[in-house]
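A short worksheet on the structure shown next.
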Amino acid sequence: MTAKEAKKNGFTHHGSYFGIPVWIGNPEREFMVATKWAPLELVMSAAHFIEGFLQSMFFPEREPGFQFFVGSPIR
């Protein structure tokens, strides 16, 4: 998805998830995320599973969540 398409679809920021480049939308409200390159969706799904498993094993008292980096706004 290009930056122009991302803005059209409601995404507002560049970002990353463990090094996977993503588009992020509405970081303060309804959080949206999509990979910048479609084949990386499979990698991101695997990373979600691994992160969830590791958090439940090592930090069971923490509320589940994902660690996204929100970068600069899309221009």
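Numbers here are sequence positions counted from 1. Here the structure is a predicted model, which means the values were calculated and not measured.
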Who are the side-chain contact (heavy atoms from CB on, under 4.5 Å) partners of Leu42, not counting sequence neighbours?
none

All side-chain hydrogen bond (donor to acceptor under 3.5 Å, both in side chains) counterparts of His13, not counting sequence neighbours:
none

Measure the shortest side-chain to side-chain distance between Thr12 and Met32 over non-hydrogen atoms and say whether it is less than 4.5 angstrom.
no

Linking I/L/V/M/F/W/Y whenever their side-chain heavy atoms sit closer than 4.5 Å, directly or via other members, would Phe18 and Trp37 fall into one cluster?
yes

Under 3.5 Å, which donor-acceptor pairs link side chains of residues 1-8 to any protein atom two or more places apart or in another chain?
{"from": "Thr2", "atom 1": "OG1", "to": "Glu5", "atom 2": "N", "distance (Å)": "3.1"}
{"from": "Thr2", "atom 1": "OG1", "to": "Glu5", "atom 2": "OE1", "distance (Å)": "3.4"}
{"from": "Glu5", "atom 1": "OE1", "to": "Thr2", "atom 2": "N", "distance (Å)": "2.9"}

What residues, two or more places apart in sequence or in another chain, satisfy side-chain contact (heavy atoms from CB on, under 4.5 Å) together with Phe59?
Glu61, Arg62

Shortest non-hydrogen contact from Ser16 toward Val22
N-CG2, 3.5 Å

Connected via hydrophobic side-chain network under 4.5 Å: Ile24 and Leu40:
yes

State yes or no: do Val43 and Phe49 share one hydrophobic cluster built from I, L, V, M, F, W and Y residues joined by side-chain heavy-atom distances below 4.5 Å, directly or via other members?
no

Does Thr35 have any side-chain hydrogen bond (donor to acceptor under 3.5 Å, both in side chains) partners at least two apart in sequence or in another chain, and if so, which?
Glu41

Going hydrophobic residue to hydrophobic residue with side-chain gaps under 4.5 angstrom, can you get from Phe58 over to Ile50?
yes

Atom NE2 in His48, atom OH in Tyr17: separation rounded to 0.5 Å?
5.0 Å

Under 3.5 Å, which donor-acceptor pairs do the side chains of residues 65-75 form with other protein atoms, sequence neighbours left out?
none

